[in-house]
Amino acid sequence: MKTSELKDLTIAIVGGGYAGAAAAKALTLLGADVHVYEQATRIREVGAGIGLRPPTLNLFREWGIFEAMAAVSSPSDYFEILSGTGESIMQEEWPGIHDYAEETRTRLIHRGDFIETFLNVLPADRVHLGYRMETITDEGSRARVGFANGEQVSADLVIGADGIRSAVRKQLFSDAEPVFSGEHAYRIVISADDAYGLVVDDNLRMYLDDKGTKIYLLPLRHRNQLSYDITCLSEDDSWAPRITREFLDGLMDGFDERLGRITHELDLDALTCRAVFDIDPVDAWHSDSVTLLGDAAHAMLHHQGQGANQAIQDAGGLTDALRQADSVAGALELFQDKRKPVTDELQRISRQSWDASKVEDVFPGQKPAVQEVRS
Ligand SMILES: Cc1cc2nc3c(=O)[nH]c(=O)nc-3n(C[C@H](O)[C@H](O)[C@H](O)COP(=O)(O)OP(=O)(O)OC[C@H]3O[C@@H](n4cnc5c(N)ncnc54)[C@H](O)[C@@H]3O)c2cc1C
């Protein structure tokens, strides 16, 4: 689309998470009139770290926000898998480091810093908090959104960036429910000083046992903190399961005693406990004036650490498609054609958990194994 057409474009984004915030930044740079509508009255993020991959960071360079993100993250060289007792099983450089003009290392960041940095680079009058979308009406070349507070907006393009339980997806594209993985994730950020010497550098380490329990140690050196994540098998599919200290202690049987001590001392009130879900691939995630983005389109399990990265890469893909196509409808078709094969594959691969006995290549530069989390 021509620059003049892009400047006339009105865009309403439902959801101010990674997908919504990234799309708002990228589309505002295109010149479009972009507004984000977020149901929360205050942006709060789960206390946990994530790894930003080189293709994501390269988009930040394009959008002029790399330095801001670099200021609140630490570069990492590799990912290591260890047995529960600490023997190294595999150590591999993060993929993509040398794929760009500048060496781009994966960076480890706290989710709160990440979203705050995004929101700080958006004009404040473009982010509307306390707007919970209730209805969406596809009117062909435009779409109309109704909020719980009684307000309505109409836009040339509505983006459903409203996460794994997306109301936009449910009302327009698919009423299939999220799929339970048979796993729980317990996440918290602790001081690196309380990690009994297990934070030795800036690299992500995963310890695993033979009962399906994984412990991820993701250092946040710039904060002198450690993001500590225990993923374990469970039959309990309640969204926010309740667990006890005894249960956590039991999971630590067979792990390095320092991991047992860290786990035993966790503040249970600060621990975020979630049953882990993804969705099956959605056949079509766009119409002529509405598209899904991020988890709303393709929520995936966290075994590859790709969900937030793909949400941001969606924002880059949608922006490119709007530049290349002749119309919004054409751009949404192009966007899905380009992005869906990538995210379908990542959804598939992410359903494979890790298994110490079988470390095989299933994705370039990474070695997830072949144990299926579920059949
Ligand atoms: C245990 C775990 C570990 C993970 N680790 C990683 C990792 O290391 N790397 C990685 O890349 N990804 C990781 N992920 C995945 C990542 O968290 C998600 O992919 C990412 O949050 C998706 O971003 P999103 O913006 O699409 O959705 P969300 O982050 O879910 O944001 C959706 C937003 O929409 C808002 N919303 C919802 N409904 C409405 C409505 N009706 N009206 C208005 N607003 C609404 C919500 O309040 C929310 O702010 C992990 C996930 C889990 C569960």
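Remember, it's 1-based here, ligands and their atoms both numbered in the order they're listed. FYI, the numbering just counts along the sequence from 1.
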Peer 1: Within the 4.0 Å heavy-atom shell around R132, which atoms of ligand 1 are there?
Peer 2: 41 (N), 42 (N)
Peer 1: Applying a 4.0 Å heavy-atom criterion (strictly less than), which segment of V14 is in contact with ligand 1: side chain, backbone, both, or neither?
Peer 2: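 The side chain, only.
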Peer 1: N/O of E38 under 3.5 Å from N/O of ligand 1, yes or no?
Peer 2: yes
Peer 1: Which of the atoms of ligand 1 are close to G294, meaning less than 4.0 Å from one of its heavy atoms?
Peer 2: 26 (O)
Peer 1: Out of A161, A19, G130, A275, indicate the one that has the non-hydrogen atom closest to atom 25 (O) of ligand 1.
Peer 2: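 Heavy atom nearest to atom 25 (O) of ligand 1 belongs to A19.
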Peer 1: State if V276 counts as touching ligand 1 under the rule of any non-hydrogen atom under 4.0 Å.
Peer 2: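 Judged by the 4.0 Å heavy-atom criterion, V276 does not count as contacting ligand 1.
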Peer 1: Using the benzene-type ring in the case of Trp, are the ring centres of F255 and Y207 under 6.0 Å apart?
Peer 2: no
Peer 1: Going by heavy-atom distance to atom 50 (C) of ligand 1, choose the closest among H128, Q171, H302, R53.
Peer 2: H302
Peer 1: Go through it in stages, so that I can follow the logic: the residues are K170 and D175, the test is salt bridge (charged side-chain N to carboxylate O under 4.0 Å, His left out), and I'd like the CA-CA distance, side-chain angles, deciding distance and then a yes or no.
Peer 2: CA-CA 5 Å; K170 192 157 194 163; D175 59 7; over 6 Å; no
Peer 1: At under 4.0 Å between heavy atoms, which part of A185 makes contact with ligand 1: side chain, backbone, both or neither?
Peer 2: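 A185 to ligand 1: side-chain contact only, backbone stays beyond 4.0 Å.
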Peer 1: Considering non-hydrogen atoms only, spot the tightest contact between A297 and V282 and give its length.
Peer 2: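 Reported closest heavy-atom pair: O-CG2, 3.6 Å.
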Peer 1: Is D314 reaching over with its side chain to a backbone N or O of G294, donor-acceptor style, under 3.5 angstrom?
Peer 2: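 Yes, because the side chain of D314 sits within donor-acceptor range (under 3.5 Å) of the backbone of G294.
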Peer 1: Pull out every atom of ligand 1 sitting under 4.0 Å from any heavy atom of Y37, numbered as shown with elements.
Peer 2: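 Going through ligand 1 atom by atom, the ones under 4.0 Å from Y37 are 43 (C), 44 (N).
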Peer 1: Are D33 and K7 close enough for a salt bridge, meaning some N to O gap below 4.0 Å?
Peer 2: no
Peer 1: Side chain or backbone, does A40 bring an N or O within less than 3.5 Å of an N or O on ligand 1?
Peer 2: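 By distance alone, the answer is no.
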Peer 1: When you look for heavy atoms under 4.0 Å from ligand 1, do you find them on the side chain of A299, its backbone, both, or neither?
Peer 2: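 The answer is neither.
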Peer 1: For the rings on F60 and F118, is their centre-to-centre separation under 6.0 Å?
Peer 2: yes
Peer 1: Measure Q306 to ligand 1 on non-hydrogen atoms and call it side chain, backbone, both or neither using the 4.0 Å cut-off.
Peer 2: backbone
Peer 1: Out of G51, G163, A48, indicate the one that has the non-hydrogen atom closest to atom 28 (P) of ligand 1.
Peer 2: G163
Peer 1: Contact between R274 and ligand 1, counting heavy atoms under 4.0 Å?
Peer 2: no
Peer 1: One residue to check: Y131. Relative to ligand 1, which of side chain, backbone, both or neither has a non-hydrogen atom less than 4.0 Å away?
Peer 2: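 For Y131, only backbone atoms sit under 4.0 Å from ligand 1.
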Peer 1: For atom 40 (C) of ligand 1, state which one of Q39, Q310, H303, Q304 supplies the nearest heavy atom.
Peer 2: Q39
Peer 1: I'd like to check the ring-ring contact (aromatic ring centres under 6.0 Å, His included) partners of H184; sequence neighbours left out, ordered by chain and number.
Peer 2: Y186
Peer 1: Could you give me the CA-CA distance, side-chain angles and deciding distance for S238 and D236, then say whether side-chain hydrogen bond (donor to acceptor under 3.5 Å, both in side chains) is met?
Peer 2: CA-CA 6 Å; S238 40; D236 174 7; 2.5 Å; yes
Peer 1: Once rounded to the nearest 0.5 Å, what's the spacing between atom CG of D229 and atom CG of L218?
Peer 2: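 Reported value, rounded in 0.5 Å steps: 9.0 Å.
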Peer 1: Among D295, D162, I136, which residue places a heavy atom closest to atom 22 (C) of ligand 1?
Peer 2: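 Shortest heavy-atom distance from atom 22 (C) of ligand 1: D295.
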Peer 1: Are any of the N/O atoms in R187 less than 3.5 Å from those in ligand 1?
Peer 2: no
Peer 1: Considering only heavy atoms, does M133 approach ligand 1 within less than 4.0 Å through its side chain, its backbone, both, or neither?
Peer 2: both
Peer 1: Can you tell me how far NE2 of H286 sits from CG of L334, rounded to the nearest 0.5 angstrom?
Peer 2: 9.5 Å
Peer 1: Which atoms of ligand 1 have any heavy atom of I50 under 4.0 Å away?
Peer 2: 6 (C), 7 (C), 8 (O), 9 (N)
Peer 1: Okay, side chain of D267, backbone of I188: is any donor-acceptor separation there less than 3.5 Å?
Peer 2: no
Peer 1: Which is it for M300 and ligand 1 at heavy atoms under 4.0 Å: side chain, backbone, both or neither?
Peer 2: neither
Peer 1: Over 60° means perpendicular and under 30° means parallel, so classify the ring planes of Y37 and H128, tilted if in between.
Peer 2: parallel
Peer 1: Within a strict 4.5 Å, meaning less than it, do heavy atoms of the M69 and F114 side chains meet?
Peer 2: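 The answer is yes; the side chains approach within 4.5 Å.
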